[in-house]
There are 2 protein chains.
Amino acid sequence: MTGQVLPFEQPDPLGSVRARRSQPPGKARGILQRGEHLFHAGENIESPHLIIAGVLKSYVTDENGEECIIGFHMPGDVVGFEPLVGRKTYCSTMALDTTKVLPLPHLGSPEPDTVNRPDLMTEMYREILRLVHLLQMDRGSTEGRVARFLLDYSELQAQRGCSRRSFVLPMARYDLARYLGLATETVSRVLSRFRDRGWLSVDNNHITIHEPASLLGTAGGPASGVSSDLQ
Amino acid sequence: MTGQVLPFEQPDPLGSVRARRSQPPGKARGILQRGEHLFHAGENIESPHLIIAGVLKSYVTDENGEECIIGFHMPGDVVGFEPLVGRKTYCSTMALDTTKVLPLPHLGSPEPDTVNRPDLMTEMYREILRLVHLLQMDRGSTEGRVARFLLDYSELQAQRGCSRRSFVLPMARYDLARYLGLATETVSRVLSRFRDRGWLSVDNNHITIHEPASLLGTAGGPASGVSSDLQ
DNA sequence: CGACAACTTGAAAAGAATCAATTTTTGTGG
DNA sequence: CCACAAAAATTGATTCTTTTCAAGTTGTCG
């Protein structure tokens, strides 16, 4: 368990960044390149991971081989709760960009490193809220889903001190579609429609919002109690 | 067990719920009648509750006043994790039938009453699995969703020692529709279609499955890793 | 028995997926 | 740095599914 066998699942109980290892693969240092997996579904993972930088997506694969994306994860999020309950992961988690993660100690540590240890139960609860929010989004209209997603993302950016109006989406249209339960063509069309109405500009993955109020109306009002609890 | 603590209406530390004082005596004993709420969204609840008997639904209400049902809860399930993380409930929970619940102690009890205290972290994780399963179901075809629901319910019945082939659905078509993200008419139609193909019989809420294999095919194969983890 | 609610069924309309073709972007090697 | 190939994104036309609207029918409970 605590043996140092596997590269990237290394528990690293103290959370000490063993970054100084000059091993070529960044995986051992908690660095993932775009397209690399942090977890594969069904895997036995060593510990939950806190995301330090970058973005990841979590997904399960349906019977047609299509991804059902259940979440995008940003810095501050925790992924991989399974060690807390003695389970294998139910989903795969892949970096959408160069990403840095930190394995979290999770078994009764005598000296809690409070700074780097978010309350894991609270994190699990946030995961529930996230899923409920997604579920609710899934029930709305197509335009509503896209609008809601953009507004949520915009809000996240703002919370990170970035612009609420102008940002770059880290995921491809395919990912967005798989997250929102739509066809990629539909996502593309809705974005074009929003653009044609003057609500936003689209330059590949760079979005600039011009009329948040219109998006808000389409999304069905301000973020619900569920989503506002997200942060 | 730990009978000292109180039924969730008793406390009312903020005086918010004082209104319904001399209400049904059953509620104070953890008994809910059909249509009664265990929680209301936004409420500060005292403790998680273990369901002893009956069925409940949890839902959030969207901007159109429609329910988005996020779960049906059966005996053995735990609802109301918010006290563990110091939050208010994000959803409402209503009994679909006469239901008995047991408030669970959740703050560091020195002498854990192990028998009646399921591991709450595990319960929260199960909630996550449930939601992911629902999300995945939401992405499938209409017939697939209904078929999957029936098979899941059938399996639950079997686990409780009841017939896997013949059972009574405790929820109305409306609830089913709100759970599956469909119009009630569509649920009705799909059931009729299944009946016409000879896959099952429908007598109001009494379902008898004749061809589980056909339903399985429509549902897109056996329950995924996610759902099979549910129990 | 009667009134109301729940459920079923039908026809029409709306919406998104699919199929198909371009266009744009990205990545690679010369 | 450019050219080319491959991948991603956009757009259009069509088809298919589900919702919506509108009756009916059945069931429940006083």
Side-chain angles (χ1 to χ4, degrees), chain A residues 33-35 57 62 64-69 94 96-98 137-150 168-197 199-207 218 220, chain B residues 33-35 57 62 64-69 94 96-98 137-150 168-197 199-207 218 220:
Chain A
Q33 297 304 321
R34 185 182 189 203
K57 67 174 175 183
D62 67 23
N64 310 316
E66 292 279 26
E67 294 177 7
C68 173
I69 296 183
M94 174 193 280
L96 291 177
D97 202 344
T98 303
M137 203 157 58
D138 252 49
R139 299 294 164 82
S141 70
T142 293
E143 291 197 355
R145 289 184 225 185
V146 178
R148 168 57 55 213
F149 176 84
L150 292 173
V168 176
L169 294 177
M171 71 290 290
R173 296 285 186 281
Y174 171 82
D175 293 323
L176 211 40
R178 281 323 175 183
Y179 181 67
L180 298 174
L182 301 171
T184 62
E185 293 97 326
T186 304
V187 172
S188 191
R189 265 185 260 271
V190 171
L191 286 176
S192 299
R193 232 178 288 164
F194 286 172
R195 165 174 46 70
D196 294 345
R197 292 176 195 158
W199 294 2
L200 45 73
S201 301
V202 183
D203 172 26
N204 205 21
N205 277 14
H206 187 142
I207 305 283
T218 301
Chain B
Q33 297 304 320
R34 184 184 190 201
K57 67 174 174 183
D62 66 24
N64 310 316
E66 293 278 25
E67 293 176 8
C68 172
I69 296 182
M94 173 193 280
L96 292 177
D97 202 346
T98 303
M137 204 158 56
D138 252 48
R139 299 294 165 82
S141 69
T142 295
E143 290 196 355
R145 291 184 224 185
V146 177
R148 168 57 55 213
F149 175 84
L150 291 173
V168 176
L169 294 177
M171 71 291 289
R173 295 286 187 280
Y174 171 82
D175 294 323
L176 212 40
R178 274 355 205 161
Y179 181 67
L180 298 175
L182 302 171
T184 61
E185 293 96 325
T186 304
V187 172
S188 191
R189 265 185 260 271
V190 171
L191 286 175
S192 298
R193 234 178 287 163
F194 286 172
R195 164 174 46 70
D196 294 345
R197 292 176 196 158
W199 295 2
L200 46 71
S201 301
V202 184
D203 173 26
N204 208 21
N205 277 15
H206 187 143
I207 306 283
T218 301

From CA spacing to verdict: side-chain contact (heavy atoms from CB on, under 4.5 Å), A:D138, A:L180: CA-CA 6 Å; A:D138 252 49; A:L180 298 174; 5.7 Å; no
If you apply the rule side-chain contact (heavy atoms from CB on, under 4.5 Å), what do you find for A:R178 with A:Y174, and how did you get there? CA-CA 6 Å; A:R178 281 323 175 183; A:Y174 171 82; 3.7 Å; yes
Could you walk me through whether B:F149 and B:L169 pass side-chain contact (heavy atoms from CB on, under 4.5 Å), step by step? CA-CA 11 Å; B:F149 175 84; B:L169 294 177; 4.0 Å; yes
Stepwise side-chain contact (heavy atoms from CB on, under 4.5 Å) check, B:L182 with B:V190: CA-CA 11 Å; B:L182 302 171; B:V190 171; 5.6 Å; no
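Between the CG atom of B:D97 and the CE atom of B:M171 there is a distance of 11.0 Å, given to the nearest 0.5 Å. Taking OG1 from B:T218 and CH2 from B:W199, the interatomic distance works out to 3.0 Å, rounded to the nearest 0.5 Å.
Between the side chains of A:R195 and A:S192, at least one donor N or O sits under 3.5 Å from an acceptor N or O.
No salt bridge links A:R139 with B:E66; every basic N to acidic carboxylate O contact stays at or beyond 4.0 Å.
In this structure, B:R193 places its CZ atom where more than 12 heavy-atom neighbours from other residues, nucleotides or ligands lie under 6.0 Å away.
Nucleotide C:dA6 holds its P atom 16 Å from the CG atom of B:L169, rounded to whole Å. Atom CD of A:E66 is separated from atom P of C:dA17 by 12 Å (rounded to the nearest Å). The distance from atom CD of A:E143 to atom C1' of C:dA14 is 13 Å, rounded to the nearest whole Å.
When DNA chain D is scanned 5' to 3' for any atom under 4.0 Å from a heavy atom of chain A, the first and last hits are D:dA9 to D:dA13.
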Do nucleotides 18-27 of chain C as a string where each nucleotide becomes B, S or -: B if the base has a protein heavy atom under 4.0 Å, S if just the sugar-phosphate does, - if no protein is that close. BB-----SSS
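Residue A:R195 is in sugar-phosphate contact alone, with no base atom involved, counting any heavy-atom pair closer than 4.0 Å across all strands shown. B:L191 comes within 4.0 angstrom of nothing in the nucleic acid, heavy atoms only. Here A:S192 lies in heavy-atom contact (under 4.0 Å) with sugar-phosphate atoms only. Using a 4.0 Å heavy-atom cutoff across all strands shown, A:R145 reaches no nucleic acid atom at all.
Of the possible polar contacts, none joining the B:N205 side chain to the B:V168 backbone as a donor-acceptor pair under 3.5 Å is found.
Contact of the A:V146 side chain with the A:T186 side chain is not registered, since no non-hydrogen atoms from C-beta on lie closer than 4.5 Å.
Within a heavy-atom distance below 4.0 Å of DNA chain D, the residues of residues 173-181 of chain A found are A:R173, A:Y174.
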